Structure formats: structure tokens, C-alpha cells
**Student:** 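Submitted below is the structure of interest, expressed as C-alpha cells.
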Protein chains: 2
Amino acid sequence: MAKDKDGSGTGNRINAVENAFTMIERMQELEQCGVSELAADLDIPKSTAHVYLKTLEELGYVIKENGQYRLSMRFLELGGLVRHNRSIYQAARSEVDALSRTTGEVGTIGYVEDGMRVLVYRTEPVEGVSDNAPTGEFTEMHWTAVGKVLLAQRTDEEIRDVVDRHGLPAATENTITDLDELLKEAAEIRTQGYSIEDEERVSGIKSIAVPIDSNGSDSGNSAISIAGPKHRFSTERVEEELLPELRNVANVIELQSRHY
Amino acid sequence: MAKDKDGSGTGNRINAVENAFTMIERMQELEQCGVSELAADLDIPKSTAHVYLKTLEELGYVIKENGQYRLSMRFLELGGLVRHNRSIYQAARSEVDALSRTTGEVGTIGYVEDGMRVLVYRTEPVEGVSDNAPTGEFTEMHWTAVGKVLLAQRTDEEIRDVVDRHGLPAATENTITDLDELLKEAAEIRTQGYSIEDEERVSGIKSIAVPIDSNGSDSGNSAISIAGPKHRFSTERVEEELLPELRNVANVIELQSRHY
DNA sequence: TATATCGTCCAACAATATTGAACAGACAGG
DNA sequence: CCTGTCTGTTCAATATTGTTGGACGATATA
């Protein structure tokens, strides 16, 4: 198997674990696969793929269904427990549900990890536009309301770091692709206390976000947002209804998380 | 450990992968830990724990926050994607949401894997009793409505197999702890087409479930249920409102999943 | 200042992952 | 019915790789 490292890391790590996870990640993309298929895809010997699959199957993280291997629900369990352990989730979930109900828009809990925005939780209203984003989705920060408001909690230098690592790809013509512009907007967000994303990731969709300042270790890493069709997010409605509502909910969440 | 189904034999598996996952599972329980702490807990050398943690950290599955290691949201991502790929989830989610809304009770999507019931999705109504079960929860089948209705889809012999592997632990005094009784109930469920769970797992909670017969590979592995406080689940309401509603939703889901 | 505990690093050794080749079973087409 | 080509699986050889105790500096505690 590939042996030469790029030398960037401190080097000596456990290879087998690395291999296992690249196989897991590839399997997720393939949804299901056979031994030979996976081996060919990853350009490794059949026998190698086989031992790994059998190991993972024995551990319960991979299952074989009608002759095909696939990732098991054990990953859902693990992910669910990881989320379950985060105080922000416990404190914010029902509040975001309520927020979505009263506004009739999509409510989300976002978190920053590794310079990316994680979709911790999402509630959709009855007739809501379902973009069907999977729970746990990682995405760049600069083109989501949650991401921008969380970036604004960091110093300019830290923002530069994030951009260095992940770049500023464009999704629509409104996406911020210039670092200076991003820093300028971050400054604005800092004084405003909230962020607006206007068709910067998905055309037709607008959203607003405020940070959650819990006292715990998650401090400065969480935010909540409301999102919906642009035509429903007039400046008036945002300023008079959505933003006050969002801030109110954020306060409740902060109080609850202090209870811990 | 008990093994050998059909001479699945050698048992020669990759140790490092096994170690990695026992560490991951332990870390989930500890929520966060240091190197020495984890090493002591698992009774392995510090240096061993260290390489594994560093490896997992480099892969992004573990992060270090204020001197403590913890599982990262990458597991939430993985779990979210695994669920996202299952057709039952795509077909049933919004329907179960609607079901919960119209009945005012907790709606769930359940799945069977490895002889256990997996909580794929759960919607809670506004004033619902939140038992706060984490998404992806695995539990024995005999004490949940979903579990029992899915058991009933199997032959008696298969049910025996499941009981052999996981036993019939008791949660309340109503839990079925006798195999013959379970088989008898399975037979009844087969003719009825639905299952009822009456304070068999949590005192004060009652629930009903019906299977989802999609045509896909998931066939016979999925079910949906409604659960709530026992006093709201009178025989009348179950028969006249909840069960018809549940069956109706199941039909819609089956139609949608056939669309695939 | 001393003492304990932490995380990190390293090098030597033994253990273990790796791999090609060989085998059996399923399946399709001739 | 045989033949060829796919599977998935097993095994034994080799060297690559994980393992480990001990040493180190940094940090926290007394």
C-alpha cells in the first residue's frame, strides 16, 4: 500500500487504523460494495480488503447484506452519542424546534470544528423547503450564516488560518471569495451581533444566525440560525420578527446551558 | 467469544483496528479523557494510547480541546450519511413527522440490525414526553413495539437465534422474559399485523408499531411506531384513531419507497 | 523549591499486517 | 454438461509495523 508520507505530519502513526478509515469513508460513498470492488477502487490487493472488511464486520461496524458489504448503523449510534454528549445540543434542541414552529422556517444548530461548520441539528417546519442536508454535515464556514457568525468570534489571524486551510470556494455568484471582504464582514458581524447569508451558498435561500455564548467548553463554538426562501426574508421581517426571536431563543439557550 | 456460523473460521483479524475501536467506544463513554487516563482505564501502556490518539486525531475523528481528547463530530457526519443512504429514512421521515403532529405523540422509525432494534429517527410533539433517547440507539427487540413487530416478521427459529444472542433481560415487570411467551406473541402479531408494547420497557409508556414492507433490500427490516403516556393510549383510541393512522402512514411510506 | 503527573518522543524488538497465489463456489454462455 | 470468469475466501511467507519501557520537558500541586 502507499507508503510514502508527505512528511508534513510528525510521521509515525498507526497505518492500519488509517487504512481502516479510508476504507470506511470510501464505503460510505459507495453505499455498498463487494470485496473485489472495494479493492479495485482503492487499488489494494483483494486479500487486504478482505481482512479489513472481516475485521470491521466482526466489530459490528460493517454488515454483509445479500452479498454486499455496507457500513452499519453502529456509526449512527456513535454519532448520536457524540451529539448527545454535547451540552449545546441538549440545551438548544427543543428551543430550536420551537423557533422553527413560531417562525415557520428552518431552524438549525451549528458548531465549529476543525475550521468547518457542523450541522448538529436541523428542524424543518411543516411546509418547509427540505434541502435534505444530512445531520452532521461539514461545510466551509464562509458561505453559511452560522459559519460566518462563528468566524466573527475569532480573531482576524485565526480567520486567516481557516481560510488557508480550507480556501474560499464559490457556490453562487454571491459567495464571498475574497479574504479581505470576509474580514470586513466579520468585523461588521462583531458589532451587529448577528450574520446574514444572502444566497451565498444556495440560490434562493437566505438565512440569519446568532452565536450562543455558553459558559462551558463549547463557548464561542456554537450558533443557531433560521433559514428560508429569500422572498420571505425581507429586511423588515428580519429586523422586526426573526432577529428578535432568534436573540430571544439564544438567551434562553444560554441560560439553560449555564444550568449545567 | 462465540463465533462460527458456517465455519467462518480463522478469526485472524487486524488487531490495530480492533484496538482503535475499543478506544473509540471507551472514549464515547468517558466523553473526554487524557492520554494517561485512557491508558489506565483500558490497562494499556501510555505510549500505546498516545499513538492511537494521535492517529485518530490526525484523521479527524478525535480532537483535543483544552488538553482533553474527545470524539469529534466526524462520527456524527458518518452516522448522518449512513442514515441518509437508507431509503427507509428518506421515505419515512416526513411522514413520521406528520404522524407525530396529527396524533400529538412521539413517532419513530425503527430498523433491525444484528438482532437489535435501531432508533433511526424520532419526532417528538410539542408537549411530548422527551425520554431523550439518542439517535441510533441500539436496544433489545423484545421490549419495544418496533422490535416485536420486526421479530414477528421472522420465523420462530430466527427469533430463537436472536434470543440466544441477546437474551431477554427485563426492564419492568411487564417485560416478556419467557421465550415461549414471546413466540406466542409473535404469532399473534403476525395475524394482527401490528404490535403493542405496554409498559414493557419504561413504566408509564405505551406504544404501537406496524411494519414497513418496502420492496427494497430493507424489506422486513423497518417499522414505524407511535408512543406516549399510557393513559392516552386507551384501547378505543388505539383501535379507532392511532392504528388506522399508523397503517395509513405505513402505506404512504411503502408507496414512496417503491418509487425508488 | 520540590514533587508529582502530565503528554510527548524514541529506538529496539517482537509481533503483526501484508501480499500473491491457490482454492471453492456461483453463474452465464456455449 | 462442461468451460471460463467472475466472485469471496484461506494460507503461509516475509518484512513492515505496532508495541513498549524508559527518558524528557512542561505543567500543575504542595
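Letters A, B, ... are given to chains in the order of the sequence lines, protein chains preceding strands, and every chain is numbered from 1. These figures come from a predicted structure and were not determined experimentally. Both backbone and side-chain heavy atoms feed into the values below; hydrogens, waters and symmetry mates do not.
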**Student:** Please tabulate, one pair per line, all N/O donor-acceptor pairs under 3.5 Å involving side-chain atoms of residues 140-149 of chain A, not counting sequence neighbours.
**Tutor:**
{"residue": "A:His142", "atom": "NE2", "partner": "A:Pro169", "partner atom": "O", "Å": "2.7"}
{"residue": "A:Trp143", "atom": "NE1", "partner": "A:Thr139", "partner atom": "OG1", "Å": "3.0"}
{"residue": "A:Trp143", "atom": "NE1", "partner": "A:Glu140", "partner atom": "O", "Å": "3.2"}
{"residue": "A:Thr144", "atom": "OG1", "partner": "A:Gly147", "partner atom": "N", "Å": "2.8"}
{"residue": "A:Lys148", "atom": "NZ", "partner": "A:Glu185", "partner atom": "OE2", "Å": "2.6"}
{"residue": "A:Lys148", "atom": "NZ", "partner": "A:Ile196", "partner atom": "O", "Å": "2.8"}
{"residue": "A:Lys148", "atom": "NZ", "partner": "A:Glu200", "partner atom": "OE1", "Å": "2.9"}
{"residue": "A:Lys148", "atom": "NZ", "partner": "A:Glu200", "partner atom": "OE2", "Å": "3.2"}

**Student:** Among residues 20-31 of chain A, which ones have heavy-atom contacts with DNA chain C below 4.0 Å?
**Tutor:** none
**Student:** What pair of heavy atoms forms the shortest contact from B:Arg165 to B:Gly115, and how long is it?
**Tutor:** NH2-N, 3.8 Å
**Student:** Does a side-chain N or O of B:His50 approach OP1 or OP2 of C:dT8 to a distance below 4.0 Å, or not?
**Tutor:**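 True: B:His50 side-chain N/O within range (under 4.0 Å) of C:dT8 OP1/OP2.
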**Student:** Just how far, in rounded Å, is P of C:dT18 from CG of A:Leu53?
**Tutor:**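 Spelled out: CG on A:Leu53 to P on C:dT18 is 13 Å.
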**Student:** Roughly how far apart, to the nearest Å, are C:dT19 and D:dG18 at atom P?
**Tutor:** 12 Å
**Student:** Do the side chains of B:Thr108 and B:Val96 get nearer than 4.5 Å, heavy atoms only?
**Tutor:**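 Heavy-atom side-chain distance check fails, nothing below 4.5 Å.
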**Student:** Can B:Glu18 and B:Arg13 be counted as an ion pair, charged N to O under 4.0 angstrom?
**Tutor:** no
**Student:** Kindly assign one of parallel, tilted or perpendicular to the pair A:Phe21 and B:Phe21, based on the angle between their ring planes and the thresholds 30° and 60°.
**Tutor:** parallel
**Student:** For residues A:Met23 and A:Leu38, determine if any side-chain heavy atom of one lies less than 4.5 Å from a side-chain heavy atom of the other.
**Tutor:** yes
**Student:** Expressed as a whole number of angstroms, how long is the span from A:Gln68:CD to C:dA26:P?
**Tutor:**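 Distance, rounded to whole Å: 17 Å.
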**Student:** Would you verify whether the NZ or CZ of A:Arg117 falls within 45 degrees of the ring axis of A:Tyr111 while also being under 6.0 Å from that six-membered ring's centre?
**Tutor:** no
**Student:** With rounding to the closest Å, how many angstrom separate the C1' atoms on C:dA22 and D:dA15?
**Tutor:** 22 Å
**Student:** Output the rounded distance in Å from CD (A:Glu57) to P (D:dT9).
**Tutor:**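 Rounding to the nearest Å, CD of A:Glu57 and P of D:dT9 are 8 Å apart.
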**Student:** Please tell me if A:Lys64 has a side-chain N or O lying less than 4.0 Å from either OP1 or OP2 of D:dT9.
**Tutor:** yes
**Student:** Figure out the CD/C1' separation between A:Gln32 and D:dG8, and round it to whole Å.
**Tutor:** 16 Å
**Student:** For every nucleotide of nucleotides 18-28 of chain D, 5' to 3': is a protein heavy atom under 4.0 Å from its base (B), only from its sugar-phosphate (S), or from neither (-)?
**Tutor:** SSBB-------
**Student:** Tell me whether the NZ or CZ atom of B:Arg83 lies within the 45° cone about the ring axis of B:Tyr121 and under 6.0 Å from its centre.
**Tutor:**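 No.
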